[in-house]
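Order of appearance sets the numbers: ligands from 1, and atoms from 1 within every ligand.
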Amino acid sequence: MSAAPVLVTGGAGYIGSHTTLCLLQAGFDVLVLDNLSNSSPESLRRVAELAGRAPVFVEADLRDRQALENVFSHYRPASVVHFAGLKAVGESVEQPLRYYENNVQGSLALFEAMQAHDCAQLVFSSSATVYGDPESLPIDESESIKPTNPYGQTKAMIERIILDWGQAWPALRGLLLRYFNPVGAHPSGRIGEDPQGIPNNLVPFISQVAVGRREALQIFGSDWPTPDGTGVRDYIHVMDLAEGHLAALRALDGLNGVQPVNLGTGQGTSVREMVDQFARASSREIPVVEAPRRAGDIATCYADPGHAAQLLNWRARRGVDEMCADTWRWQRDNPQGFKI
Ligand code: NAD
Ligand code: UFG
């Protein structure tokens with residue numbers, strides 16, 4: 001590696017692999033650190049195939065301080081995009097200690113290594129889940145932080161840690177990216193989301209129904225105070241999200257301190273609308289059954305994306321039709337995900 005690389009933690013995962021591809025194509029050298037606890041090295045092999053060059057890959061756990069020390073002293077990254085973490089809401093309720101340990105301890109170890117090596121540029125994967133049930137819509141960054149589950153608490157805590165760290169270390173420049181609902185896949189159909197076991201999230205579940213791996217989608221609640229009674233979310237194409245990270249990295253140079261930024265489209269889509277769009281994109285029927293509301297869910301959630309437009313000069317460009325078409329191509333060509 002010649003120029004100082006970008007360190008991408010969790011870069012073998014869903015959003016990390018798309019972002020790694022985007023950074024390689026933009027000319028960055030990329031160093032991925034991942035323990036493969038929720039991903040496959042095949043994703044990075046395919047990223048290399050699409051980009052025409054490979055990221056450096058270090059298989060290590062973020063909580064392994066010696067491994068971090070080796071990575072920082074050997075590669076001297078100039079900036080960090082920090083995706084690595086556990087992300088299943090329901091699992092975090094069952095196993096809170098594991099979530100706090102992995103997400104918070106892992107982040108602390110990373111931040112200490114960054115400061116020890118004078119690496120002062122950070123882009124952090126946060127989530128709209130930090131807003132809990134919002135007081136007003138669309139949600140802007142001044143909305144209060146009140147997560148409703150341990151996973152969301154880890155994101156809120158790590159945000160707090162980075163803000164306090166920035167107060168103590170004025171050289172630090174950080175962006176706390178609060179993603180809304182990432183979906184979709186690279187348009188080649190070569191990389192995409194590969195959930196282990198039964199998917200928790202709507203679009204991966206719908207696509208497994210479409211490909212015949214599951215019988216029917218359960219709609220969690222048809223009596224929400226929304227136009228068609230089903231939950232409304234702000235779905236964002238993973239390629240838009242990847243480009244948002246590229247824009248964030250570029251914006252760090254001119255930034256002062258640390259601040260949160262929503263990454264969403266500003267458009268709400270209901271569960272029924274998403275099912276209809278996916279049926280059209282895949283030319284498959286998507287059987288549904290009405291089920292009770294899921295514990296912890298809210299009616300409606302969508303972003304005010306204005307701050308990202310102004311600060312990062314970035315806007316989501318892809319619509320729900322493209323999100324469904326790209327998810328379907330990935331699912332159809334890889335019915336078992338990265339397992340060959
Ligand atoms: P993912 O599980 O596909 O990717 C996370 C990666 O981190 C995986 O490759 C996993 O192996 C790795 N990892 C986890 N713990 C690690 C550790 N201790 N050391 C090293 N590697 C570790 O998830 P994703 O959907 O790509 O999400 C990336 C980030 O974005 C996460 O922090 C997640 O919380 C956040 N986020 C995701 C969503 C979403 O809906 N996908 C929404 C908002 C925020
Ligand atoms: N839904 C169903 N059936 C399913 C799965 C989901 O009807 O099988 C519904 C949900 O009730 C909700 C909508 O589809 O109305 C979206 O649900 P997801 O599980 O896909 O997404 P959430 O908005 O609940 O949460 C996701 C991630 C969080 C992240 C949040 C950001 O799981 O980690 O988006 O807004 F923080």
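Residues W328 and Y14 fall into different hydrophobic clusters, defined by Ile, Leu, Val, Met, Phe, Trp and Tyr side chains chained together at heavy-atom separations under 4.5 Å. Residues M323 and L241 do not share a hydrophobic cluster, clusters being chains of Ile/Leu/Val/Met/Phe/Trp/Tyr side chains in contact below 4.5 Å. By the criterion of side-chain heavy atoms lying less than 4.5 angstrom apart, applied directly or through intervening Ile, Leu, Val, Met, Phe, Trp or Tyr residues, L62 is not grouped with L86; the two fall into different hydrophobic clusters.
Looking at W224, Y302, F220, Y235, it is Y235 that brings a heavy atom closest to atom 16 (C) of ligand 2. Scanning D234, V89, N181, I206 for the heavy atom closest to atom 25 (O) of ligand 2 points to N181. The option with the heavy atom closest to atom 33 (C) of ligand 1, from among F180, Y235, Y151, is Y151. When Y14, Y179, F83 are ranked by how near their heavy atoms come to atom 28 (C) of ligand 1, first place goes to F83. Closest heavy-atom approach to atom 23 (O) of ligand 2 within the set E290, R233, M274: this belongs to R233.
E112 and R63 are not joined by a salt bridge, as no carboxylate oxygen comes within less than 4.0 angstrom of a charged side-chain nitrogen. Contact check on R160 versus D164 returns a salt bridge, with a Lys/Arg side-chain nitrogen under 4.0 Å from an Asp/Glu carboxylate oxygen.
Inclusion of Q218 in the set of residues having an N or O under 3.5 Å from an N or O of ligand 2 is warranted. Ligand 2 has no N or O atom lying under 3.5 Å from any N or O atom of V203, backbone or side chain. Note: no N/O pair closer than 3.5 Å links S126 and ligand 1 by distance alone. For the pair E193 and ligand 1, the shortest N or O to N or O distance does not fall below 3.5 Å. For the pair S127 and ligand 1, the shortest N or O to N or O distance does not fall below 3.5 Å. Checked by distance only, ligand 1 and A84 stay at 3.5 Å or farther apart across all their nitrogen or oxygen atoms. For a threshold of 3.5 Å applied to N or O pairs, the pair formed by S127 and ligand 2 contains no separation below that value.
Judged by distance alone, with hydrogens and angles left aside, the side-chain atoms of D326 form no donor-acceptor pair with the main-chain N or O of H186 at under 3.5 Å. The backbone N or O of A210 sits nowhere less than 3.5 Å from a side-chain atom of S282 that would complete a donor-acceptor pair. Checked by atom type and distance alone, the side chain of E135 never pairs as donor or acceptor with a backbone atom of S144 at under 3.5 Å. Between the side chain of D140 and the backbone N or O of S142, at least one donor-acceptor pair lies under 3.5 Å. A side-chain donor-acceptor contact under 3.5 Å links W330 to the backbone of E193. Side-chain atoms of N103 do not come within 3.5 Å of backbone N or O of G85 as any donor-acceptor pair. Judged by distance alone, with hydrogens and angles left aside, the side-chain atoms of W165 form no donor-acceptor pair with the main-chain N or O of Q115 at under 3.5 Å.
Here K155 has side-chain heavy atoms under 4.0 Å from ligand 1, and that is the only part of it that gets that close. Neither the backbone nor the side chain of N201 comes within contact range of ligand 1; no heavy atom lies under 4.0 Å. Neither the backbone nor the side chain of A128 comes within 4.0 Å of ligand 1, counting heavy atoms alone. Counting heavy atoms closer than 4.0 Å to ligand 2, residue Y151 contributes side-chain atoms (C-beta onward) but none from N, CA, C or O. Residue I15 touches ligand 1 through backbone and side chain together, judged by heavy-atom distances below 4.0 Å.
Atom 10 (C) of ligand 1 has its closest protein heavy atom at D34 OD1, 3.4 Å. With hydrogens left out, the protein atom closest to atom 14 (C) of ligand 1 is G85 N, 3.4 Å, a heavy atom. When only non-hydrogen protein atoms are considered, atom 31 (C) of ligand 2 lies nearest to F180 O, 3.4 Å. Among protein heavy atoms, the minimum distance from atom 2 (O) of ligand 1 is reached at N38 ND2, 2.7 Å. Among all non-hydrogen protein atoms, the one lying nearest atom 25 (O) of ligand 1 is K87 NZ, 2.8 Å. The protein heavy-atom contact nearest to atom 4 (O) of ligand 1 is G13 CA, 3.5 Å. In terms of protein heavy-atom proximity, atom 18 (N) of ligand 1 is nearest to N102 OD1, 2.9 Å. Scanning the protein for heavy atoms near atom 16 (C) of ligand 1, the closest one is N35 ND2, 3.4 Å. Among protein heavy atoms, atom 19 (N) of ligand 1 sits closest to L62 N, 3.0 Å.
The ring of H245 has its center closer than 6.0 angstrom to the ring center of F83.
Near N200, with a cut-off below 4.0 Å to any heavy atom, the atoms of ligand 2 are 5 (C), 19 (O). For ligand 2 and T129, the ligand atoms under 4.0 Å from any heavy atom of the residue are 36 (F). Set against the non-hydrogen atoms of D297, the atoms of ligand 2 under 4.0 Å away are 10 (C), 11 (O), 24 (O). Residue contact check: L36 has heavy atoms under 4.0 Å from atoms 11 (O) of ligand 1.
Between H82 and V123, the closest side-chain pair of non-hydrogen atoms is not below 4.5 Å.
Between R173 and N256, the side chains place no donor N or O within less than 3.5 Å of an acceptor N or O (distance only, hydrogens not considered).
Judged by the shortest distance from any of its heavy atoms, P182 lies inside the 4.0 Å radius around the atoms of ligand 1. Residue G11 places every heavy atom at 4.0 Å or more from ligand 1.
Taking the centre and axis of the six-membered ring of W224, the NZ or CZ atom of R293 falls inside the cone set by 45° and 6.0 Å.
Screening L176, V80, V258, L175 for a side-chain contact (heavy atoms from CB on, under 4.5 Å) with L122, the sole residue that qualifies is V80.
If you take CZ on R213 and CD on Q331, they are separated by 6.0 Å, rounding to the nearest 0.5 Å.
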